[in-house]
> 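Can you keep this structure in mind? I'll have questions shortly.
Since we're looking at a predicted model, the values are computed, not measured.
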Amino acid sequence: MSVTEMSTSTAATESGSALAGARSAFDSGRTRPLSWRVAQLEGLLRFIDECEPAIAAAIEADLGRGSMATFMADVAPVRHEIRHSLANVARWMKPDRVRMSAATAPGKAWVVSEPKGVALILGAWNFPILLTLHPLVSCLAAGNAAVVKPSELAAATARLLSEQLPRYLDADAVRVVLGDAQVSAALAAQPFDHTFFTGSTSIGRAVMAASAQNLTPVTLELGGKSPVIVAADADLDVAARRIAWAKSVNAGQTCTAPDYVLVENSVRPALVERLLEELPLRAAQDTTRIVNQRHVDRLRRILQTHGGEQYGGEIDDAKRKIKPALVTDPHPDSELMQEEIFGPVLPLISVPDLDAAIDFVNSRPKPLALYLFTGSQAVEDAVVERTSSGSVAVNHLLYQLLVPELPFGGVGASGMGNYHGRNGFDTFSHRKAVLSKPARPDLAATYPPYGRAMEKVLRRLMG
């Protein structure tokens, strides 16, 4: 057996063992009661509260990001989601009554939200607490056991989760598995009851293919190229400031970051001027580095092949830092305009009018987010009505992620399924239909063969 075969075999054995352990805990029935769910959510909240300094230190070691930025991006949203779930989980668990039709009466019908079983959560490196624990909140609120695989690219944070989560959660029902891509692949091949993946579209396809072998349902939180449309009537000072801020968050390594800007010709020069002022200012507040040299080299390549006019973009390989780059009118077929950027590079393309901007967006894969800057309700309505995306934010960016009852998820190539708030609870639940009818009356006339009178009654009731 080769070293590769041995490591693959070991990964398969360990992943199977993690699933079996979590399955045993779930099968015991202890994850179903409200008391267990509340205890797990409260434990997760204590982990966030008590370990916040350790979380900040781990993310700084992994990504170079400062503690306040980590609070804003990882700690506070997870804390808010836990508190929101604690306040609502008892209500979410209640059966939903359904009205009976005349054809099905007498009786009663309702829907029960039951836990799916054991879920696999494959976290991402760019927000290694948020994108690992946020879905775990929904998973636990829905009464499931879980196997959690943090990203190996954020190794310090992964170790922290592995060491600390068992102190705060039911360690039999919530298993943390560490390892590389082979371990993730081995886990995805196991017969989980739900798989939740956050990451790139290419890896998402592989996860979906592996899950299909066991008919495991999947939630894929991917990304893609999220556009910004700047209409002629937009407040350009605000637009430039907010676009630059959103692009600087985590050095642009954000799935909902503004990927490119479409601006109407009449305001293009003014917007370019303001972006060139704002991009360096906002980037100066962010200490995050590019995650590894492979990603630095990828960004270097797209900066060398875009075919547009470039401002900024100097690369410091030793620090894995890239100064923000504005690229005006790149070639539409360049890698810059075909692939998700995931870095501090912002393409800007001029369009003659709003219709052209909408046509440009609709000619490409559906994005995870779409952003619009306008002062017109008619423009807002047109963009919302005529485009398809995971979410839309008007006159700001990223904030749609922070509203707990707004579903967060993609469409088409940007993902499938969603979570946050009740939407996350439903994602990790099976909505089971239940019908209960009395044994009596049990009229012989309701069974075939039907007489002429009963046929008329049935046609009236069921037609």
> Could you tell me which non-hydrogen atom of Ala369 sits nearest to which non-hydrogen atom of Tyr371, and how far apart they are?
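Scanning both residues, the minimum pair turns out to be CB-OH, 3.6 Å.
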> Verify, without hydrogens or angle tests, whether Thr427 (side chain) and Asn418 (backbone) share a donor-acceptor contact under 3.5 angstrom.
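Pair found, side chain donor or acceptor close to backbone of Asn418.
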> Looking at Arg23 and Asp193, does any basic side-chain N land under 4.0 Å from a carboxylate oxygen?
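Looking at Asp193 together with Arg23, the answer is yes, because their closest N to O distance falls below 4.0 Å.
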> Can you tell if the side chain of Trp36 reaches within under 4.5 Å of the side chain of Leu140, non-hydrogen atoms only?
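Side-chain contact under 4.5 Å: yes.
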> Could you walk me through whether His80 and Arg83 pass side chain to side chain donor-acceptor pair (under 3.5 Å), step by step?
CA-CA 5 Å; His80 185 71; Arg83 289 172 174 163; over 6 Å; no
> Considering only heavy atoms from C-beta outward, does the side chain of Leu178 approach that of Pro150 to under 4.5 Å?
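A side-chain contact under 4.5 Å exists here.
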> Run the ring pair (Phe, Tyr, Trp, His ring centres under 6.0 Å) test against His306 and tell me which residues pass, sequence neighbours left out.
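Testing His306 for ring pair (Phe, Tyr, Trp, His ring centres under 6.0 Å), a comparison that skips the adjacent residues, returns none.
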> Is the side chain of Gln285 donor-acceptor paired with the backbone N or O of Ala283 at a distance under 3.5 Å, no angle test?
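Looks like no, no N/O pair under 3.5 Å.
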> How are the rings of His134 and Tyr419 set relative to one another: parallel (under 30°), tilted (30 to 60°) or perpendicular (over 60°)?
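Taking Tyr419 first and then His134, their aromatic rings stand perpendicular (interplane angle over 60°).
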> Could you report the tightest heavy-atom contact between Glu60 and Arg289, atom names first, then the distance?
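Taking Glu60 first and Arg289 second, the nearest heavy atoms are O-NH2, 3.7 Å.
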> Quick one: pull up CG in Leu133 and CG in Asp74 and give me the separation to the nearest 0.5 Å.
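Here the interatomic distance stands at 8.5 Å.
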> Of all the heavy-atom pairs spanning Asn423 and Leu406, show the shortest one and how long it is.
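So the two residues come closest at ND2-C, 4.0 Å.
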> Looking at Cys139 and Ile121, what are the two nearest heavy atoms and their distance?
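Reported closest heavy-atom pair: CB-CD1, 4.2 Å.
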> Heavy-atom count check: over 12 atoms from other residues, nucleotides or ligands less than 6.0 Å from Glu405 CD?
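Counting neighbours around CD of Glu405, more than 12 heavy atoms of other residues, nucleotides or ligands fall under 6.0 Å, so yes.
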> Using 30° and 60° as the class boundaries, would you call the ring planes of Tyr168 and Phe47 parallel, tilted or perpendicular?
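Rings of Tyr168 and Phe47: perpendicular, as their planes differ by over 60°.
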> Work out which heavy atom in Leu222 is nearest to a heavy atom in Ser200; give both atom names and the distance.
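Scanning both residues, the minimum pair turns out to be CD2-O, 3.5 Å.
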> Take Arg282 and Arg241 through the test side-chain contact (heavy atoms from CB on, under 4.5 Å) and record every step on the way to the result.
CA-CA 8 Å; Arg282 304 305 148 195; Arg241 186 178 306 116; 3.8 Å; yes
> Would the distance check show the side chain of Thr216 and the main-chain N or O of Phe192 forming a donor-acceptor pair, the cut-off being under 3.5 Å?
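Judged by distance alone, yes, a pair lies under 3.5 Å.
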> Please determine which of Asn362, Asp381, Asp355 meets the side chain to side chain donor-acceptor pair (under 3.5 Å) test together with Arg386.
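Result for side chain to side chain donor-acceptor pair (under 3.5 Å) with Arg386: Asp355.
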> With a 4.5 Å heavy-atom cut-off, do Arg37 and Pro115 have their side chains touching?
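The answer is yes; the side chains approach within 4.5 Å.
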> Kindly say whether Asn250 contributes a backbone atom to a donor-acceptor pair with the side chain of Asn126 at under 3.5 angstrom?
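Such a contact is absent between Asn126 side chain and Asn250 backbone.
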> Decide, yes or no, whether a salt bridge links Asp297 with Arg294 under the criterion of side-chain N to carboxylate O below 4.0 Å.
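Judged by the 4.0 Å cut-off on N to carboxylate O distance, Asp297 and Arg294 do not form a salt bridge.
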> Does the side-chain contact (heavy atoms from CB on, under 4.5 Å) test come out yes or no for Leu220 and Thr201, once each step is laid out?
CA-CA 9 Å; Leu220 301 178; Thr201 300; over 6 Å; no
> Hey, what do you get for CG (Leu326) to CD (Glu278), rounding to the nearest 0.5 Å?
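Output value for this atom pair is 12.5 Å.
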> Going through the checks in order, is the salt bridge (charged side-chain N to carboxylate O under 4.0 Å, His left out) test met by Asp426 and Arg422?
CA-CA 6 Å; Asp426 288 344; Arg422 177 64 193 256; 2.9 Å; yes
> Taking Asn395 for the side chain and Thr374 for the main chain, is one N or O donor matched with an acceptor at less than 3.5 Å?
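Yes; judged by distance alone, with no hydrogens or angles, the pair exists.
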> Do the side chains of Val137 and Phe428 get nearer than 4.5 Å, heavy atoms only?
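No; the side chains remain at least 4.5 Å from each other.
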> In Å, rounded to the nearest 0.5 Å, how long is the span from CG of Asp180 to CD of Glu152?
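Those atoms lie 6.0 Å apart.
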> Heavy-atom count check: over 12 atoms from other residues, nucleotides or ligands less than 6.0 Å from Arg205 CZ?
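For Arg205, atom CZ is not crowded (no more than 12 foreign heavy atoms under 6.0 Å).
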> Evaluate whether atom NZ of Lys366 has more than 12 neighbouring non-hydrogen atoms of other residues, nucleotides or ligands under 6.0 angstrom away.
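No - once you tally the heavy atoms of other residues, nucleotides and ligands closer than 6.0 Å, there are 12 at most.
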> Fit a plane to each ring of Tyr399 and Trp245, take the angle between them on a 0 to 90° scale, and name the class: parallel (under 30°), tilted (30 to 60°) or perpendicular (over 60°).
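Tilted.
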> Taking Gly308's backbone N and O only, do any of them form a donor-acceptor pair with Asp329's side chain (distance below 3.5 Å, no angle check)?
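Checking the backbone N and O of Gly308 against the side chain of Asp329, no donor-acceptor pair under 3.5 Å is found.
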> Under the 3.5 angstrom rule, does the side chain of Glu314 hit a backbone N or O of Ile322 as a donor-acceptor pair?
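Checked: no pair found.
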> List the atom pairs, with distances to 0.1 Å, where a side-chain N or O of residues 336-350 and a protein N or O form a donor-acceptor pair under 3.5 Å, not counting sequence neighbours.
unit_1: Gln338; atom_1: NE2; unit_2: Pro332; atom_2: O; d: 2.8
unit_1: Glu340; atom_1: OE1; unit_2: Gly224; atom_2: N; d: 3.3
unit_1: Ser350; atom_1: OG; unit_2: Arg268; atom_2: NE; d: 2.6

> Can you check side-chain contact (heavy atoms from CB on, under 4.5 Å) on Ile203 and Phe197, steps first, answer last?
CA-CA 9 Å; Ile203 303 297; Phe197 169 77; 3.5 Å; yes
> Side chains of Phe408 and Thr256, heavy atoms from C-beta outward: is any pair under 4.5 Å?
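In short, these two side chains touch, coming nearer than 4.5 Å.
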> Counting C-beta onward and ignoring hydrogens, is there a side-chain heavy-atom pair between Phe127 and Val78 closer than 4.5 Å?
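Side-chain contact under 4.5 Å: no.
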> Just wondering, do Pro77 and Leu402 contact through their side chains at under 4.5 Å, heavy atoms?
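In short, these two side chains touch, coming nearer than 4.5 Å.
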> Assess whether a salt bridge exists between Arg79 and Glu52, defined as any Lys/Arg side-chain N lying under 4.0 Å from an Asp/Glu carboxylate O.
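Looking at Glu52 together with Arg79, the answer is yes, because their closest N to O distance falls below 4.0 Å.
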> Quick one: which of Ser391, Pro227, Ser414, Ser388 gives a side chain to side chain contact (heavy atoms under 4.5 Å, CB included) with Pro367?
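Going through Ser391, Pro227, Ser414, Ser388 one by one, the side chain to side chain contact (heavy atoms under 4.5 Å, CB included) with Pro367 is satisfied by Pro227 alone.
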> Quick check for you: to the nearest 0.5 Å, what is the distance between Ile315 atom CD1 and Ile290 atom CD1?
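Answer for the CD1-CD1 pair, Ile315 versus Ile290, is 9.0 Å.
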> Could you check Leu161 against Val148 for side-chain contact (heavy atoms from CB on, under 4.5 Å), going step by step and ending with a plain yes or no?
CA-CA 9 Å; Leu161 292 172; Val148 179; 5.6 Å; no
> Assess whether side chain to side chain donor-acceptor pair (under 3.5 Å) is satisfied between Thr287 and Arg65, documenting all intermediate values.
CA-CA 5 Å; Thr287 60; Arg65 196 197 312 148; over 6 Å; no
> Mind checking the OG1-CG spacing from Thr31 to Asp170? Nearest 0.5 Å is all I need.
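Spacing of OG1 (Thr31) from CG (Asp170) equals 8.5 Å.
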> Please find the pair of heavy atoms, one from Ala189 and one from Asn214, that lie closest to each other, and give the distance.
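Looks like O-ND2, 2.8 Å.
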> Between Gln310 and Gly312, is there a donor-acceptor pair closer than 3.5 Å when you use the side chain of the first and the backbone of the second?
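Yes; at least one donor-acceptor contact below 3.5 Å.
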> Do Val183 and Lys149 come within less than 4.5 Å of each other through their side chains, counting heavy atoms only?
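With C-beta onward as the side chain, the pair touches.
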> Keeping Lys323 on the side-chain end and Pro280 on the backbone end, is there a donor-acceptor pair under 3.5 Å?
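The answer is no, because no donor-acceptor pair under 3.5 Å joins these two groups.
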> Look up atom OG1 in Thr305 and atom CG in Asp333, then write down how far apart they are to the nearest 0.5 Å.
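Reported to 0.5 Å precision, the distance equals 12.0 Å.
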> Lys432 side chain to Val112 main-chain N or O, any donor-acceptor pair under 3.5 Å?
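No, Lys432 side chain to Val112 backbone: no donor-acceptor pair under 3.5 Å.
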